[in-house]
Every structure is written in C-alpha cells, then in structure tokens.
There are 2 protein chains.
Amino acid sequence: MDKPKLADVAKRAGVSLTTVSRVLNNRGYIGDKTREKVHVAMKELNYYPNEIARSLFIRKTYIVGVIFPTTNNPFYGQLIYHLENFCEALGYKVLLCNSGGREDKERAYLEMLQRHQVDGIIAGAHNRGIDIYQRSTMPIVGVDRYLAGHIPIVSSDNYRGGVMATEHLIDRGCKHILHINGQLSLETPANLRRNAYEETMKRKKMPYKTYETVDDYISRMFDENPKIDGVFASDDLIAACVIREANKRGMNVPEDLKVIGYDGADMTRMLLPELTTIKQPIKDMAEEAVHLLMNQINEVEEPTVDNITLPVQLIQGKTT
Amino acid sequence: MDKPKLADVAKRAGVSLTTVSRVLNNRGYIGDKTREKVHVAMKELNYYPNEIARSLFIRKTYIVGVIFPTTNNPFYGQLIYHLENFCEALGYKVLLCNSGGREDKERAYLEMLQRHQVDGIIAGAHNRGIDIYQRSTMPIVGVDRYLAGHIPIVSSDNYRGGVMATEHLIDRGCKHILHINGQLSLETPANLRRNAYEETMKRKKMPYKTYETVDDYISRMFDENPKIDGVFASDDLIAACVIREANKRGMNVPEDLKVIGYDGADMTRMLLPELTTIKQPIKDMAEEAVHLLMNQINEVEEPTVDNITLPVQLIQGKTT
DNA sequence: ATAAATATGTCAACCGGTTGACATATTTAT
DNA sequence: ATAAATATGTCAACCGGTTGACATATTTAT
C-alpha cells in the first residue's frame, strides 16, 4: 500500500534499477522494448518518481520562492500570476509566500526558503533591515524593492510615471493637486513617484503636499485642503477610496475633483475602467524578473547588477 | 564555498553528528553548554538544515499544492491569500499552481505535485475528466468544484445565494431578469446559482433566460432582450461589464437596469463598493478547506465525505 | 553508596533516487 | 571477419539528513 518506488518498477519490468533510471532520465543506451516494458510497469504501478530524492542528489529543486505582501491585491495578484506562469514555462515551481507586510513573516519565509533549498527568490516585500538579503549568496531578484546592494531590481519607470500623472492633472486644469503615497520608510522605487510629483510641482511653481497612507489620511486630506481639485494617488485602490470619499462629500469627479491612480492592473481596469491611471507593464516586469533570476541561477555572465526599468503608460479614463 | 552541512556544524562545534541532530530536533538529552556550542556553530557557518534531506527521510514535505485558475482575480486572489495564511500558520508551505483553466496544465500540475511528494492538494480548477483525481489516494480538498466522489468539497451556499439574488431583483421591481453564468460544463456548485435563479423565476411565473459567458454574450443579451431591467451576474467581474455596457447603451443603473453580482471579494468591494452583490465567506471557506485537508493528512477519523457549505450574505449597494 | 537519570559518542542502516566504473552479450557497420 | 556501437546488468558510493542500538562517563536522587 506504500507508494511504489523505483525498485518496484524495476522488479515488475524485470530489469535493473539502473535501467529504470536510464529510462527516466534518458541517458545511456536503452532498447525500445525495454523502454516500453518500463513505461508499462510505471503506468501499472501508478508510479511517480520521487522528486525529493532526485533533488537531494542533483542539488537542485527547480523551485523558486516568491515573496510579496499578498495575492489579495490587483497588482500583486497579477504580478504573481505572471511570475508563476513564466517560471512554469521554464520548468520551475513556485513556493508562495504572503508576507502581509510583516517583517517577522518575511524573515521566517526567507529562512524557510533557504532550508527548502529553493534555487532562487523573487521578492517585493521588503521591510527595511532584513539582513538575510545582505548575507545571502543565493540568486535573488527584487521587484520594485531595494533589497540589498547586490540584488538586481526590476521596476517600471516610476519617476516618469509620476511626472506624467502630475503633468496630466496640470494639463487638465487642476490648481491644487495633492499626492498620496505609501510609507516613505519602505525604500521602494515607488517613492520616485512622490519625488516626481514634488519636483514637477516645484518646477511649475505650484503648491504641493504629500499624504502618507496612515490612519484617516483621506478625510484629513479633504479637511485640510478645501481648495483641492486634483489628486494623484500612488495606487488605484487609493484612488478608488478618494473618489468614494469625494462623492460622499458631494464633489463630482471629474468636474470638481480630478483623480489619477497608478498601476492599471487587469482587474482594476475591469472593475473600474473609468479611472485614469498610469499603467505599469506588469507582465513584462514579471518576465524580466524571471529572466534575471534565471541568469543568476544559470550563472550567465553579468557580474554587474543590471537593474531594469520598464516604461509606463497613461490610460485616459473619465476621472480626469 | 559550498553550503555548510550538518557535518560541518558538528566539526566546528566539536561534537558528533548525532548531537547536532539532537539539538536540531530537540530529542534525547543535551547539555546546555553543548546546545549553545552547536547554536553558535550554526550561526557562524550560516547553516540552514536541508529540508529536502529531512523530507526524504521522514517522508513528509509539509507542502500543500494549491491549484486554481489564476491569482489574477479578486476571488481567487483572496482565497489563495487566505489558504496560504492558514497553511503557514500550521507549518505548511504552498506550491502555487495557476492552471489558467486549461486541462493540460492542471493535469501537468497534478503530476508535478505528486512527484514533489506534497502532503495534500487544495484545488478549485477542475476541467471535467481529470482521472488523476479519481485514482489519487492523496489528501485532496475541492473548493467549489466536484473533483471526484471521494473528495470533500468546501463551498458557500450557492443555491441560497442564487435565490437571494433573484428575489432581491424581483423585490426591487424588476420584470425581465436575466442571468449570466459560467460554462455549465464545469460541473461546479456554482451552477446551483443558475438553478436557483431558474427555479425562483419559475415559481414566480416570470420569464427567464440564462446566458453563458461565451463570445459577445453581453451585447447579445442586450440585443435579444430589449425589455431587460434586471441582471443577476454570477460574478462581480461580469456584473461590472454589464454595467459598463448598459452605460454605453445609454441605460442608467439602477434606474433603467438593476444589476447584482456575486462573490463580494475584498478588492471588488474596494474598487466597486456601489455594486450590490452576494458575498461569499471567502476567508471561512479557506479556513474550512485547510481544516478538512489537515484532517485527511493527519488521518483524523472521518471516513465520511463531509462537504461543507457556508452561508452567503447580500450586500446592498447602489446598483439595485 | 548505589541506582537512576543525564549527557554525549560511535556505528550502521535508511529515505529514494543518480551516477560512474566495469562487465558482458548482441547488433551493426566496414 | 572484426571493430565499434548498442543494450543491459551488477556494484558501490553518494546527496544530507534521521534514527535506533549500544556504550560510557558524569550527575543527581534516595
């Protein structure tokens, strides 16, 4: 009743262990009839080779660890979907880690992944100061996160996106544009959106102010800025909340208030197609991330940390 | 430069392999100073025990395979998030499989998971006729999918939800209510929503018709039913598309057309809070699925297939 | 003072595969 | 006719841990 093993297959097929192994791995000489016999035996026994045993010997698991805050989010959900797809296409499996933004969980996951001998890690969940990233010599790629000096990053052109969003609102006639950003302490390239906003406003000699997503930042923003007529939200979910709050306060979008979001994930665009947003090339980012990781895993040249920045795109909706 | 192994730790700490193993697994007698020495050596070497080797011996991987169409969807994204969380809390890791609705991929994933010796599988991606489910004796739980006779299913009360949605539209005064459903061939408990719709309409002696999500079903629906004034969509994404199309055709929601969706995932409710919907208890479903799986893994009694059905809830928005 | 508990060690077998060395028998090519 | 290629086998070592049996030395409890 135990799982059949290679020895069981060999016995049933009337051949040696080595022969079965040869059939399995397609190496050495094997006659057609023998190969057939082995296959029949495997089928009859419902045999699946034990990858754990194989992994142990070849010292390679073909598993990639993927650490992000959560799959329960249009951006990450889509990114992870594509990451998994690209990995799968190359014969790699994905161990999913939802850090939920908690440093202790991220740390625990990193340790777990090392114990599990994953071949590499793709992460975008960094809470500063996780030294494992520093120490690690394992292949790692960061998505939209600075993890450690030697770890390459894939991100989209956040600065350009920030400029595009801000200039777009200005072009549409907004005079009092505010920005909402995630926590500055996260040290992500996404902070460039904020820099872009602030520098663009400065250049245009317009007043600017950034709110961070803490507590009741949305109602505070409205209360403190009665003349507000434009909001650049650093992601689409925030933009949706801003629109909701504006409506609650009797403001019409886009007449009284123009709102532009950021990310442009598939699901967001399905559910809220009217939202103007800066669309990140999520699929391309996933592809590049997997590509960079594979380069490291297969030790393809590149001793240089080559960060990759992909272009963004303004999607004109009806909220601006 | 190779990864340190248990023998390296033993040598550095000046103890035997057995002693290190005892420290690692907390068995047998170990003195405090010895334990300390071993820990120091592990830290100095940056040693992580090789779980692959351990798994091979104990014949258990603490990995659960999770197969769903995609993480790029509010419902599955949330479900998978919670599944991963509950697994993690119990010391299990998740191998993520996005089948993309393709039978060949699902089949390949199932085989891969068996080779990888996962302790169990949670799946909700079934394209009929995957015999591996039938043959398998491995712990499996289905979420909203009939996989095989002996595989327990977790789902929400789809029939009740269908009745609630339909009666709600009737209560709001709709006379010509249509339903949009996924493919009937999928044999999912979600088909009960359709049954509920059709039976409720029949009971009320009202005309009914169900469209399946193929080709340009939405415009066809509008074209073929000029008097349409209510739509019960079997998920929120479809509902969003219906609303968009209605607006395009100059119909106002909810004045001219009332629309109710299904699922009520977190992200949908953030992006489209005005949508009336039937909310599934996604987190609870995840919890039950993991619970049922653990029962199987740990061979807790229950030879009976106990399917679990959880209650749904109507969320009144502004689209009905 | 002595038995029991504690602390550590050595040794060998095992988990389920892979691989290289070597042997031998049968085909195939020149 | 003979060398090379093909087909299969046996054997042993290995991947990096775990575990049980057994031995011995030191503490602790009665």
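Only this structure's heavy atoms are used, side chains among them; waters, hydrogens and symmetry mates stay out. These numbers were taken from a predicted model, which means no experiment stands behind them.
Identified under the salt bridge (charged side-chain N to carboxylate O under 4.0 Å, His left out) test for residues 6-31 of chain B, with sequence neighbours left out: B/R12-B/E44.
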- Message: Before you tell me yes or no, could you show the steps for A/N25 and A/R54 under side-chain hydrogen bond (donor to acceptor under 3.5 Å, both in side chains), namely the whole-Å CA-CA distance, both residues' side-chain angles and the distance that decides it to 0.1 Å?
- Response: CA-CA 11 Å; A/N25 298 288; A/R54 181 153 203 278; 3.2 Å; yes

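The interatomic distance linking A/H116 (NE2) with D/dG16 (P) rounds to 16 Å, in whole Å. Across the protein-nucleic acid pair, B/K11 atom NZ and C/dG9 atom P stand 15 Å apart, rounded to whole Å. Spacing between atom CD of A/Q114 and atom P of D/dG16 amounts to 16 Å, rounded to whole angstrom units. Residue A/R35 contributes atom CZ, which lies 11 Å from atom C1' of D/dA7 at whole-angstrom precision. Rounded to an integer number of Å, the gap from CD of A/Q117 to C1' of D/dG17 is 11 Å. Computed from coordinates, the B/R115 CZ to C/dC15 P distance equals 21 Å when rounded to whole Å. Rounded to whole angstrom, the span from the NZ atom of B/K33 across to the C1' atom of C/dA7 amounts to 8 Å. With rounding to whole Å, B/L17 atom CG is found 16 Å from C/dA13 atom P.
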- Any chance you could list the contact pattern along nucleotides 21-30 of chain C? Use B for base contacts, S for sugar-phosphate-only contacts and - for none, protein heavy atoms under 4.0 Å, 5' to 3'. ----------

Please tabulate, for side-chain N and O atoms in residues 109-120 of chain B, each donor-acceptor pair with protein atoms closer than 3.5 Å (sequence neighbours left out).
residue	atom	partner	partner atom	Å
B/Y109	OH	A/E84	OE1	3.1
B/Y109	OH	A/E84	OE2	2.4
B/E111	OE2	B/R115	NH1	2.8
B/H116	NE2	A/K93	NZ	3.1
B/D119	OD1	B/T61	N	3.2
B/D119	OD1	B/T61	OG1	3.4
B/D119	OD2	B/K60	NZ	3.1
B/D119	OD2	B/Y62	N	2.6

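Residues passing the side chain to side chain donor-acceptor pair (under 3.5 Å) test with B/S155, sequence neighbours excluded: none. Every residue two or more places apart in sequence or in another chain that forms a side chain to side chain donor-acceptor pair (under 3.5 Å) with A/Q280 is listed here: A/S156, A/D263. Residues satisfying the salt bridge (charged side-chain N to carboxylate O under 4.0 Å, His left out) test with B/E287, not counting sequence neighbours, are none. Applying the ring pair (Phe, Tyr, Trp, His ring centres under 6.0 Å) test to B/F75 and every residue at least two apart in sequence or in another chain returns nothing. When the side chain to side chain donor-acceptor pair (under 3.5 Å) test is applied to A/N73, no partner is found at least two apart in sequence or on another chain. By the side chain to side chain donor-acceptor pair (under 3.5 Å) test, B/Y47 pairs with no residue at all, sequence neighbours left out. A search for side-chain contact (heavy atoms from CB on, under 4.5 Å) contacts involving A/N26 returns A/R35, not counting sequence neighbours.
Nearer to the 5' terminus of DNA chain C, by closest-nucleotide assignment, is the contact made by B/T19 (compared with the other of A/R27 and B/T19).
The backbone N or O of A/R145 lies less than 3.5 Å from no partner atom in the side chain of A/T188, so there is not a single donor-acceptor pair.
Residues of residues 50-61 of chain B having a heavy atom closer than 4.0 Å to DNA chain C, listed by number: B/L56, B/F57, B/R59.
Screening A/D144, A/T309, A/N191 against A/N158 for a side chain to side chain contact (heavy atoms under 4.5 Å, CB included) leaves a single residue, A/D144.
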- Query: In dot-bracket, 5' to 3', how would DNA chain C read with Watson-Crick or G-U wobble pairs under 3.5 Å, [ ] for crossing ones and | for pairs to another strand?
  - Reply: ||||||||||||||||||||||||||||||

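Closest approach to the B/S16 side chain among D/dG16, C/dT10, D/dG9 is made by C/dT10 (side chain taken as heavy atoms from C-beta onward). Taking every side-chain heavy atom of A/Y29 into account, D/dT6 is the closest of D/dT6, D/dT18, C/dA7. The side chain of A/L6 lies closest to C/dT18 when the candidates are C/dG9, C/dT18, C/dA5.
Of the side-chain N and O atoms in B/S21, one or more sit less than 4.0 angstrom from OP1 or OP2 of D/dT18.
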